[in-house]
Undergrad: 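Mind having a look at this structure? Questions to follow.
Hydrogens, waters and symmetry mates play no part in the numbers below; they use all other heavy atoms, side chains included. The sequence lines fix the lettering, A, B, ..., with proteins before strands; numbering per chain opens at 1.
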Amino acid sequence: MQNEAPHLLEEREKQTRREGLPELNSAQKGKVVLRFAPNPNGPLSFGHARGIIINGEYAKEYEGELILRFDDTDTTVKPPLPEAYAIIEQEAEWLLGFKPHRIIIASDRIDQYYRHVDIMLSGGFGYVCQCSADEFREFRVSKTNCPCRANEIEPNIELWNKMLDGTFVPGDAVVRVKTDMELKNPALRDWPALRIQDTIKNPHPRKEIGSKYRVWPLLDFQSAVEDHLQGVTHIIRGKDLMDSTRKQTLLYQHFGWQYPETMYWGRVKVHEWGGFSTSQMRKDIESGKFTGWSDPRLPTIAGLSGTGIQAEALRNFWIELGVTQKDISVPLSSLYSHNTKIIDDDAPRISFIRDPILLALSGNQQSIVEIPTHPNFPAMGSRKIQLNSQQVLIESTDYGEGKLRLKEFADFDISEKSAEFISQERSDARKIIHWASVDTSSKATLQTVNNGQISKIEGVLEHHNLLKGDVVQIERIGYGVIGENNTIIFTHD
RNA sequence: GCUCGUAUAGUGUAGUGGCCCAUCAUGAAGGACUCUCAUUCCUUCGACCCGGGUUCAAAUCCCGGUACGAGCACCA
């Protein structure tokens with residue numbers, strides 16, 4: 001057997017678990033181009049992070065390029081927010097750990113899209129349709145051609161010019177891609193490519209664009225043309241855009257282009273969060289319900305980073321979820337677990353005493369206590385706690401235990417708001433609690449978010465020389481970020 | 001309604017016909033370490049939606065069912 005069929009004897013190596021993202025189809029190192037294309041109608045939120053992180057990771061892995069493209073072609077329903085462009089650029093870089101290789105703004109590229117309308121019209125695979133949305137809906141369901149479909153090339157070009165020159169107003173006409181009204185999937189039947197917007201009433205928020213254009217491409221057309229112009233090789237996006245791929249593939253066939261490889265992910269719900277849409281958040285911020293895009297209650301990138309969530313944690317989180325088409329619901333604890341792994345090694349320890357109770361010390365204890373900044377890393381130094389006034393603060397919930405050990409200090413017997421020194425070494429298995437000296441602590445607030453509500457816990461915080469934004473571990477409580485005015489923003493436990 | 005898609009432990013994921021009485025992470029429970037209810041380490045728990053079929057062999061292929069989701073916007 002050894003000689004006749006050696007392969008049967010070969011110890012098959014146990015297949016190892018695939019790490020990270022699945023491979024890209026027909027991808028060559030150095031030759032992939034991916035893109036992330038948000039509508040800049042607000043800064044990035046949690047869900048956008050998936051798009052940018054997954055596409056960005058692939059770009060990195062395959063030594064390719066990532067394009068950040070602003071799909072800002074709607075001035076009416078979800079108009080762009082002027083300041084969002086710059087913010088998104090920064091947030092994208094923060095999330096990725098590198099700058100996107102190219103930045104494209106759709107509203108700068110309208111002439112390119114018009115140029116392709118000309119090709120489409122003169123090639124006879126597009127037409128100007130003057131049916132109302134309602135009328136066309138009926139044609140779509142009954143699988144019948146609308147009358148405009150029969151227009152010759154010349155009349156189509158005339159009608160197109162009427163769209164451009166203002167003869168037509170919004171609703172009068174759209175440009176459609178000629179597919180086939182008998183297609184099985186109703187979504188694909190002669191889909192709309194461009195429409196007219198009232199940019200006098202609703203100018204584009206970018207000053208340089210304003211009311212310059214009346215005819216604007218819809219997503220499927222704009223995105224399809226731009227992907228081709230930019231040489232995009234792989235598109236990874238939500239599965240809600242599957243029919244978009246099918247529509248765009250039909251357009252690509254007309255143009256004689258090859259459609260990029262596609263991958264999709266399913267819907268993600270975070271158990272602890274309700275439904276947030278960018279438009280709704282924008283309204284709620286404008287009405288004062290939230291303080292801004294970085295409000296800690298909001299699932300925005302600004303909100304998350306402000307409460308101490310790290311970009312690397314977000315990256316690990318989204319990479320772990322991968323690109324499956326399943327609709328999933330994840331608990332926040334999963335993100336927090338990634339975050340803890342990132343921050344714990346670097347987080348200085350600090351004491352925050354909730355609802356403090358003052359105890360007078362009696363006995364022969366030290367007057368200065370040194371506590372390591374991080375128990376696992378002595379190199380991070382230590383905190384020196386002065387006890388000149390011999391008074392300490394402990395949490396009210398710890399008071400009443402009777403016998404307590406003040407962490408890294410000494411054992412005490414507690415009664416009547418005073419603490420009697422027992423020993424510096426551990427004398428028994430009494431509970432160890434965190435504490436603060438009145439000499440080296442001051443009033444502070446711990447801000448937490450619980451089911452969409454901000455709550456502020458009053459207490460005292462050990463003195464420190466940390467800076468705003470530093471991530472700390474609050475002993476026996478959890479992790480937090482140093483905020484302004486002696487507040488500490490809770491991250492998670 | 002029409003069309004498209006997905007279904008593996010509580011949650012998320014690996015697995016593309018024999019390595020699988022199923023991977024890893026998270027979670028829960030227990031333990032070790034630790035002067036934090038942290039970190040680290042160890043142990044345990046726990047799953048292939050249902051029913052047919054193809055095959056010597058199916059989590060993996062096919063059909064049907066069920067469940068969930070998405071598209072059918074002059075939004076992205």
Undergrad: For B:A76, take OP1 and OP2 only and decide whether either is under 4.0 Å from a side-chain N or O of A:Thr73.
TA: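 A:Thr73 to B:A76 OP1/OP2: side-chain N or O found under 4.0 Å.
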
Undergrad: Sub-3.5 Å donor-acceptor pair from the side chain of A:Arg50 to the main-chain atoms of A:Gly322, do we have one?
TA: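 Yes: the side chain of A:Arg50 pairs with the backbone of A:Gly322.
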
Undergrad: CZ of A:Phe139 versus P of B:C2: gap in Å, rounded?
TA: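 A:Phe139 atom CZ is separated from B:C2 atom P by 23 Å.
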
Undergrad: Determine the Euclidean distance between corresponding C1' atoms of B:C68 and B:A29; express it in Å to zero decimal places.
TA: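 Rounded to whole Å, the distance is 32 Å.
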
Undergrad: Which nucleotide, B:G12, B:C74, B:U36, lies nearest any side-chain atom of A:Arg176?
TA: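 Per side-chain heavy atoms of A:Arg176, the pick is B:C74.
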
Undergrad: Between B:U26 and B:C42, how far is it from one P atom to the other, in whole Å?
TA: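 The same atom, P, in both gives a distance of 11 Å.
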
Undergrad: Write down the partner of B:U34 under the Watson-Crick or G-U wobble criteria, each distance required to be under 3.5 Å.
TA: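 Across all strands, not a single nucleotide pairs with B:U34.
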
Undergrad: Which nucleotide wins on minimum distance to the side chain of A:Lys326, given the candidates B:U36, B:U6, B:C72?
TA: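 When the side chain of A:Lys326 is considered, B:U6 is the closest of B:U36, B:U6, B:C72.
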
Undergrad: Do any N or O atoms from the side chain of A:Arg237 and from the backbone of A:Lys239 form a donor-acceptor pair under 3.5 angstrom?
TA: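 Such a contact is absent between A:Arg237 side chain and A:Lys239 backbone.
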
Undergrad: May I have the distance from A:Glu23 (atom CD) to B:U16 (atom P), rounded to whole angstrom?
TA: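 Computing the A:Glu23:CD to B:U16:P distance gives 13 Å.
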
Undergrad: Quick check on B:A25: is either OP1 or OP2 less than 4.0 Å from any side-chain nitrogen or oxygen of A:Arg18?
TA: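 Negative; the distance criterion is not met.
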
Undergrad: Examine B:G69: is either OP1 or OP2 under 4.0 Å from a nitrogen or oxygen in the side chain of A:Lys269? Give yes or no.
TA: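 Checking A:Lys269 against B:G69: no side-chain N or O falls below 4.0 Å of OP1 or OP2.
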
Undergrad: CZ of A:Phe317 versus P of B:C24: gap in Å, rounded?
TA: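 It is 21 Å, rounded to the nearest whole Å.
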
Undergrad: For A:Arg282 and B:A76, give me the distance from atom CZ to atom P, rounded to whole Å.
TA: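 A:Arg282 atom CZ is separated from B:A76 atom P by 15 Å.
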
Undergrad: Given the structure, check if the side chain of A:Glu320 and the base of B:U26 hold any donor-acceptor pair shorter than 3.5 Å.
TA: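 When only heavy-atom distances are counted, A:Glu320 does not reach the base of B:U26 through any donor-acceptor pair under 3.5 Å.
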
Undergrad: B:C48 and B:A22: how far apart are their P atoms, nearest whole angstrom?
TA: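 Result for the P pair: 11 Å, nearest Å.
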
Undergrad: Among B:C75, B:U39, B:C4, which nucleotide sits nearest the side chain of A:Val77?
TA: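 For the A:Val77 side chain, the nearest candidate turns out to be B:C75.
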
Undergrad: By the 4.0 Å heavy-atom rule, please label A:Leu219 as base, sugar-phosphate, or nothing.
TA: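 Base contact.
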
Undergrad: Donor-acceptor pair, A:Glu57 side chain versus A:Arg315 backbone, under 3.5 Å?
TA: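 Judged by distance alone, no pair lies under 3.5 Å.
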
Undergrad: With P as the reference atom in both, quote the distance from B:G30 to B:G17 in angstrom, rounded to an integer.
TA: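 To the nearest whole Å, 43 Å.
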
Undergrad: Which nucleotide, in any strand shown, forms a Watson-Crick or G-U wobble pair with B:A59, with both distances under 3.5 Å?
TA: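 B:A59 is paired with nothing.
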
Undergrad: Please determine if a side-chain N or O atom of A:Arg267 lies less than 4.0 Å away from the OP1 or OP2 oxygen of B:U6.
TA: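 Checking B:U6 against A:Arg267, no side-chain N or O comes under 4.0 Å of OP1 or OP2.
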
Undergrad: Over all strands shown, is A:Cys129 touching base, sugar-phosphate only, or nothing at heavy-atom distances under 4.0 angstrom?
TA: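 A:Cys129: no heavy atom of the nucleic acid under 4.0 Å.
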
Undergrad: Identify the nucleotide, in any strand shown, that forms a Watson-Crick or G-U wobble pair with B:A67, with both distances under 3.5 Å; if there is none, say none.
TA: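 Per the H-bond distance test, B:U6.
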
Undergrad: Can you tell me how far C1' of B:C72 sits from NZ of A:Lys239, to the nearest Å?
TA: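 Going from A:Lys239 (NZ) to B:C72 (C1'), I get 16 Å.
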
Undergrad: Sticking with atom C1', work out how far B:U13 lies from B:U6, rounded to a whole angstrom.
TA: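 It comes out at 15 Å once rounded to the nearest Å.
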
Undergrad: Between B:C35 atom P and A:Lys431 atom NZ, what is the distance in whole Å?
TA: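 Value for this atom pair: 18 Å.
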
Undergrad: Of the candidate nucleotides B:C4, B:U6, B:A25, which contains the atom at the shortest distance from the side chain of A:Gln325?
TA: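 Of all the options, the side chain of A:Gln325 is nearest to B:U6.
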
Undergrad: Of the listed nucleotides (B:U39, B:C74, B:A38), which one gets closest to any side-chain atom of A:Tyr479?
TA: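 Closest nucleotide to the A:Tyr479 side chain: B:A38.
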
Undergrad: Roughly how many Å apart are B:A67 and B:C24, using the P atom of each and rounding to a whole number?
TA: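 Approximately 35 Å lies between the P atom of B:C24 and that of B:A67.
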
Undergrad: When both hydrogen-bonding distances must be under 3.5 Å and the geometry is Watson-Crick or G-U wobble, what is B:G17 paired with, if anything?
TA: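 With both distances under 3.5 Å required, B:G17 matches none.
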
Undergrad: State whether the side chain of A:Tyr85 and the backbone N or O of A:Pro80 hold a donor-acceptor pair below 3.5 Å, judged by distance alone.
TA: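 No: the side chain of A:Tyr85 does not pair with the backbone of A:Pro80.
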
Undergrad: Taking the side chain of A:Thr324 as heavy atoms from C-beta outward, which of B:U3, B:U39, B:A14 is closest to it?
TA: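 Comparing B:U3, B:U39, B:A14 against the side chain of A:Thr324, the answer is B:A14.
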
Undergrad: Any side-chain N or O of A:Lys184 under 4.0 Å from OP1/OP2 of B:C4?
TA: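 So the side chain of A:Lys184 is within the cut-off, an N or O lying under 4.0 Å from OP1 or OP2 of B:C4.
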
Undergrad: Given B:U34, is OP1 or OP2 found less than 4.0 Å from the side-chain N or O atoms of A:Lys407?
TA: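 For B:U34, neither OP1 nor OP2 has a side-chain N or O of A:Lys407 closer than 4.0 Å.
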
Undergrad: Between A:Arg354 (CZ) and B:U36 (P), how many Å, whole number?
TA: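 Value for this atom pair: 16 Å.
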
Undergrad: Provide the distance between the two C1' atoms, one in B:U44 and one in B:U36, to the nearest whole Å.
TA: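 After rounding to an integer number of Å, I get 26 Å for this pair.
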
Undergrad: Across all strands shown, which nucleotide pairs with B:U54 by Watson-Crick or G-U wobble geometry, both distances under 3.5 Å?
TA: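 Its partner is none (no Watson-Crick or G-U wobble pair with both distances under 3.5 Å).
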
Undergrad: Is there a Watson-Crick or G-U wobble partner for B:U39 with both distances under 3.5 Å, and if so, which one is it?
TA: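 Matched B:U39 with nothing under the 3.5 Å cut-off.
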
Undergrad: Could you tell me whether A:Arg195 and A:Asp74 make a salt bridge, using a distance below 4.0 angstrom between a side-chain N and a carboxylate O?
TA: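 Looking at A:Arg195 and A:Asp74, the cut-off is met.
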
Undergrad: With both distances under 3.5 angstrom, what nucleotide forms a Watson-Crick or G-U wobble pair with B:C48?
TA: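 Its partner: none found.
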
Undergrad: Is the side chain of A:His116 donor-acceptor paired with the backbone N or O of A:Gln112 at a distance under 3.5 Å, no angle test?
TA: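 Indeed, once roles are kept as given, a pair shorter than 3.5 Å links the two residues.
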
Undergrad: Send over the distance from A:Arg426 CZ to B:U34 P, rounded to a whole Å.
TA: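 Whole-Å distance recorded here is 11 Å.
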
Undergrad: Taking A:Thr491 for its side chain and A:Thr307 for its backbone only, find out whether a donor-acceptor pair lies under 3.5 Å.
TA: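 Looks like yes, one N/O pair under 3.5 Å.
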
Undergrad: If you take the centroid of each ring, where Trp contributes its six-membered ring, are A:Trp216 and A:Phe221 closer together than 6.0 Å?
TA: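 No, they do not, as the ring centres are separated by 6.0 Å or more.
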
Undergrad: Using Watson-Crick or G-U wobble geometry with both distances under 3.5 Å, which nucleotide pairs with B:C74?
TA: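 Checking every strand shown, B:C74 finds no partner, since no pair has both distances under 3.5 Å.
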
Undergrad: Quote, to the nearest angstrom, the P distance that separates B:C45 from B:G5.
TA: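 The answer is 39 Å between these two P atoms.
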
Undergrad: Between the base of B:U6 and the side chain of A:Asp327, is there a donor and acceptor pair under 3.5 angstrom?
TA: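 Between B:U6 and A:Asp327, which were checked side chain against base, a qualifying N/O pair under 3.5 Å is absent.
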
Undergrad: So, is A:Arg349 near the phosphate of B:U36, with a side-chain N or O under 4.0 Å from OP1 or OP2?
TA: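 For A:Arg349, the contact criterion (side-chain N or O under 4.0 Å from OP1 or OP2 of B:U36) is not met.
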
